[in-house]
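What follows is a single structure, written as C-alpha cells, with notes after it.
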Number of protein chains: 2
Amino acid sequence: MNDAPRPGRADAGRTGAGEAGPTFAPLYRQIRELLVRGLQSGEWKPGEAIPSEVELAARYRVSQGTVRKAIDELAAANLVVRRQGRGTFVASHREVRTQFRFLRLRPDDTAADVADAAQPGVASESGQGMVMTSRVLECRRLRAPSEVARALALRSGEAVVLIRRILEADGRPTVLDEIWLPGSRFRGLSAERVDAWHGPLYALFETEFGTRMIRAAERLKAIAADRARARTLQVAEGSPLLLVERVSRTYADQPVELRRGYCVTDRHHYYNELS
Amino acid sequence: MNDAPRPGRADAGRTGAGEAGPTFAPLYRQIRELLVRGLQSGEWKPGEAIPSEVELAARYRVSQGTVRKAIDELAAANLVVRRQGRGTFVASHREVRTQFRFLRLRPDDTAADVADAAQPGVASESGQGMVMTSRVLECRRLRAPSEVARALALRSGEAVVLIRRILEADGRPTVLDEIWLPGSRFRGLSAERVDAWHGPLYALFETEFGTRMIRAAERLKAIAADRARARTLQVAEGSPLLLVERVSRTYADQPVELRRGYCVTDRHHYYNELS
DNA sequence: TAGTGGTCTAGACCACCGT
DNA sequence: CGGTGGTCTAGACCACTAA
C-alpha cells in the first residue's frame, strides 16, 4: 500500500491518483475493496478464516488499525464474522447465526418482536422455531421474460431457471415462492437437488454453485389471490396475500435472484426493524 | 473516567466494578451511555451540536479515540449526525435527511429501488417526491384498550390519545393511520394542532412534545378491507390492504407510539433492504 | 503458552468549514 | 485562520481460544 516511511499522508499511493475518476477513497476503504476482491475470487471461502489482522497489515504495508477499520466495515455488512480469540471468518449461509437474516416471515405468537426487542439487532436472532418445510412444485429452464431479464441484468430471452415451491408451517401451505435464477450460474440445478438439500436454499446456492447472496432489496404489496395461487395455497380465491418481491445480489452488486413470495399472513407476519 | 495516568487497563474505573450486575462494558460504551443520557435529558437538543470530540475527551478524562468510537456507535444508530468541519449534531426529524427514515411506503414507478440501489444505504435517501398530504379524521382521548396498553407499557385503562388520519397521494386516499399515544406525554395534542403542522408527524412530536422517536419495530400483514375502512379508503370491501403495525420507541427503549397503517398498495409498495 | 481479536492511548497530519 | 471531524500510525495491554 505504501513503499517508504509515510509521513502521515492520507492519500499516499492512492489508486488512480491524479486521474479523472471518482474522488479517492481513504486507505482503509481501499483495503476493504482488496479484501472484498479476495472474497469474490474465492481466495477465502465461506466458513474459512481470513488471514489475521497483523498478517494483513504486513501484506498491505499498513498499520493494524487501518486493516481493522476495513474489516469493521465488512463485518457491519455481514460479509465477515469476527470471533474473538479465533479469527475473522467468511460469513456463510450454512451458519445458524446468519441463515435467518433474509427470512423476515415469523409466526405471530412470537412473544418477542414488537413486544420486547430490547436490543436493536439481537432480537431478530431469536427466530428459531421457524422450521418451515419446503416442497418443490417444479424446476424448469426457460427463456427469461423481459421483466425477469431486466431484474437479473440479463439479455431478454437468456436462459433462466424457475423454481416454484411451497413452504409449509405446521402442515399448512404458507408461502408460494417463484424463484428466478440466471441459467449460466446454476447449471445442474434440479428439483431433486433442491428437495434433497436440507437447510436454507441460499446455503445450497453457496455450497453447490459458488454463489453467495450478500444483500437484497424487497418490495411488499398486499394482493388478492388469483385462482391458481389460491388453490395452491389452499385459501379462498381473492384472499389477501402478502407479496414479497426480492432481488438478491452477490459481490459487485450483481443481481442473481428474483424471487416472488406469496405469503398467507393469517398466522404469520413480516417483521422489520427501523432505526 | 479515570483519575491517574492509566497503564492501558481496559476496565479501570468501571461503574459498579465488582458487583453482581451485568458484565462490565468497555470504556467507549460507558461514554456512549453518558452521551445518550445527555441526549435523553435534553442537555443537547435536536438540531444542536454536541461538544467537540476533544472537549468530551477532556470532560471524561479519556482519549479522543475512545470518544470517537462512542460517537461512531451513536451515529450508526442515527442518534447523532457527524458533519466534517462543523461538528456532531443531535439528529432531528425536522431534517430532510432523516425524515424519510421511518417512511417505507413508496410510489411504484420509482425507477430506483429494486432496479438500481447500487449503494446499500444511499438508495433510500432518494425518496423525495413522497409528498403525501395528511388529513386528520379525528383526535380524541380515551382509556387504553388492553392491547394498546400492553404495547405502550401502560396500565390498562390509562389515558391515551388516538389520532385517525388519511394520507393522500395524488388526491387518492392511500393510507389510513390509527395512531395511539400515551396521554401523559401528549397533553395539548389536538386535531387542529396536527392539521396546522406542516411536515412529518414525528417532527411535531419532537418539537412540541419533546418526544423523539429513535427506533421502531414493524409487523406487516395482508388483510381484507372491512366495510368501514374500505369506505374511508375508497376501495371495495374485501380489497387487500397492507397492514403495517408499528411500535416506536424513544430513549431507554420506552415505547411511545403504537401505529396501525392500512395501506392501499395498488400504486405503492413497502420498500426494505436486507443485508 | 502462543495467537487472535478487542480496547485504549498519544500524536501526527488531513480535509473541510466558517469567519 | 482556528476549530471540527476524518485518517493513519505505533505501541501497549486485555480477553478469549485452542493446543
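Reminder, nothing fancy here: chain letters follow the sequence lines and each chain counts from 1.
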Measure from [atom1] on [X] to [atom2] on [N] and round the result to the nearest Å.
| X | N | atom1 | atom2 | answer |
| --- | --- | --- | --- | --- |
| A/Phe89 | D/dC16 | CZ | C1' | 13 Å |
| B/Ile31 | C/dC8 | CD1 | C1' | 11 Å |
| B/Phe24 | D/dC16 | CZ | P | 13 Å |
| B/Tyr28 | D/dC14 | OH | C1' | 13 Å |
| B/Arg32 | C/dT7 | CZ | P | 11 Å |
| A/Arg68 | D/dC14 | CZ | C1' | 12 Å |
| B/Leu27 | D/dC13 | CG | C1' | 13 Å |
| B/Gln64 | D/dC8 | CD | P | 15 Å |

Short side-chain N/O contact from [X] to OP1 or OP2 of [N], under 4.0 Å:
| X | N | result |
| --- | --- | --- |
| A/Thr66 | D/dT9 | yes |
| B/Ser52 | D/dT4 | yes |
| B/Ser63 | C/dA10 | no |

Could you go through residues 38-53 of chain B and list every donor-acceptor pair under 3.5 Å that involves a side-chain atom there, pairing it with any protein atom two or more places apart or in another chain?
from    : atom 1 : to      : atom 2 : distance (Å)
B/Ser41 : OG     : B/Arg37 : O      : 3.2
B/Ser41 : OG     : B/Gly38 : O      : 3.1
B/Ser41 : OG     : B/Glu43 : N      : 3.4
B/Lys45 : NZ     : B/Gly42 : O      : 2.9
B/Glu48 : OE1    : B/Lys45 : N      : 3.2
B/Ser52 : OG     : B/Glu55 : N      : 3.3
B/Glu53 : OE1    : B/Gln64 : NE2    : 2.9
B/Glu53 : OE1    : B/Arg68 : NE     : 3.3
B/Glu53 : OE2    : B/Arg68 : NE     : 3.3
B/Glu53 : OE2    : B/Arg82 : NH1    : 2.9

(message) If you assign A/Gly65 and B/Ile50 each to the DNA chain D nucleotide with the nearest heavy atom, which residue ends up on the more 5' nucleotide?
(response)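 The answer here is B/Ile50.
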Contact list (N/O, under 3.5 angstrom) for nucleotides 17-19 of chain C vs protein:
none

(message) Less than 4.5 Å apart, side chain to side chain, heavy atoms only: is that true for A/Arg215 and A/Asp253?
(response) yes
(message) Could you check whether any side-chain heavy atom of B/Met213 comes within less than 4.5 Å of a side-chain heavy atom of B/Phe205, counting everything from C-beta outward?
(response)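 Yes, their side chains come closer than 4.5 Å.
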Does a side-chain N-to-carboxylate-O contact under 4.0 Å join [X] and [Y]?
| X | Y | result |
| --- | --- | --- |
| B/Arg83 | B/Glu95 | yes |
| A/Glu245 | A/Arg219 | no |
| B/Glu257 | B/Arg249 | no |
| A/Arg259 | A/Glu218 | no |

(message) Whether the A/Asn272 and B/Tyr270 side chains hold a donor-acceptor pair (N or O, under 3.5 Å, no angle test) is what I'd like checked.
(response) yes
(request) Kindly indicate, with the supporting measurements, whether the criterion side-chain hydrogen bond (donor to acceptor under 3.5 Å, both in side chains) is fulfilled by A/Glu206 and A/Thr211. (result) CA-CA 5 Å; A/Glu206 166 186 307; A/Thr211 296; over 6 Å; no
(request) Would you indicate what B/Arg83 reaches in the nucleic acid, counting non-hydrogen atoms under 4.0 angstrom: base, sugar-phosphate, or nothing? (result) sugar-phosphate
(request) Could you check which residues of residues 69-80 of chain B get a heavy atom under 4.0 Å from DNA chain D? Sort them by number, please. (result) none
